[in-house]
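Indexing begins at 1, ligand by ligand and atom by atom, following the structure's order.
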Amino acid sequence: MNSPHSEILKCKFCGNEKENELILAEEKQLGMGDKFEYFVCSNCQCIQIKKVPEDLGKYYPANYYSYQEPTFPSRLNWLNFFIKKSLILYYLGYLNLTGFLTSFVFDHPFPWLRKKEVKLDSKILDIGTGAGRKILSLQRSGFNNITGIDPFLEKDIKADGGLKILKRDLYEIHEKFDFIMLHHSLEHMPDQEEAIRHIGTILNDNGRVLIRIPVANTFAWKKYRENWIGLDAPRHLYIHSVKSLGILTERTDLEIEEVVFDSGTYQFTGSEKYLRNLPLSTSDDIFSKEEMKKFEKDALDLNKKNDGDQACFYLKKRAR
Ligand SMILES: [Zn+2]
């Protein structure tokens, strides 16, 4: 219900103006405490910032976690890495004895990387790669054609052995790729429709796009609201529901092929810290073993019910 002094809040994606709820969200990750107006669309449930701040840069300080130079793998964790690499190869369908044996104990290190979408020689683009930790790990696992881009890097980090980590804006990229991934970067973009349109132009016809994002209208949002870790004001500008991302992609050449929920314990541990007014850096030791087990179980159960607080959206070109 619109109160007499309320202004019109129009959903950027479905256009709905009725009964959109205004909320006040605080910057909590860095503990800056600045407050931002968001609203929740009553039709498509997308949670959106009312006005994108002009000084967004100040909420991404130089030591923001994704920009730390990768130093992986160090000597200490090479065994760890060897096992990880073997598991990735095994789960992608390559013959790998270590991977086969360790698969009885360990899950796929990157479950979003599936053999039906990628091979070792697939041409891969990672948009919003930060310092490229994830793609460095993929390159060391045998992928030989990976590019990561991030406009906020200070400079290009490296370009060798089939891996490029470049300071580039998405719109500067015009060559085509087989697999384009966005790991928790779409929600940071002010121009999502334009971004997805452009991605459609640089995707090979049989290629796939993977978009991993926090998902609105799910259990953790309903339980924690302004303390939900997925809100992350003001960095997360538009947080989609499955419905609102569908509405957005309908206007582009891409369509959603499959949605796989992949939320974890963080939806509880992170949100609980905010709820209890603790800094995000607080150790998880504040939770008992039983609590942590319950968080793990609840996350798995929520994922099965498509109600976890984050998901992988696999997109393909729309059939014409
Ligand atoms: Zn809407």
Within the 3.5 Å criterion, strictly below it, is a donor on [X] or [Y] matched to an acceptor on the partner's side chain?
X      : Y      : value
Arg212 : His183 : yes
Asn43  : Lys18  : no
Asp309 : Tyr224 : no

Quick check: Phe313 with His240 (ring centres under 6.0 Å apart)?
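They do not qualify: ring centres at least 6.0 Å apart.
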
Aromatic centroids of Phe287 and Phe268 separated by under 6.0 Å:
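That pair fails the under 6.0 Å test.
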
Once the angle between the rings of Tyr91 and His108 is folded into 0 to 90°, is it parallel (under 30°), tilted (30 to 60°) or perpendicular (over 60°)?
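Ring orientation, 0 to 90° scale: parallel.
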
Using a cut-off of 2.8 Å, how many protein N, O or S atoms lie below it in distance from the Zn ion (ligand 1)?
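For the Zn ion (ligand 1), protein nitrogen, oxygen or sulfur atoms under 2.8 Å: 4.
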
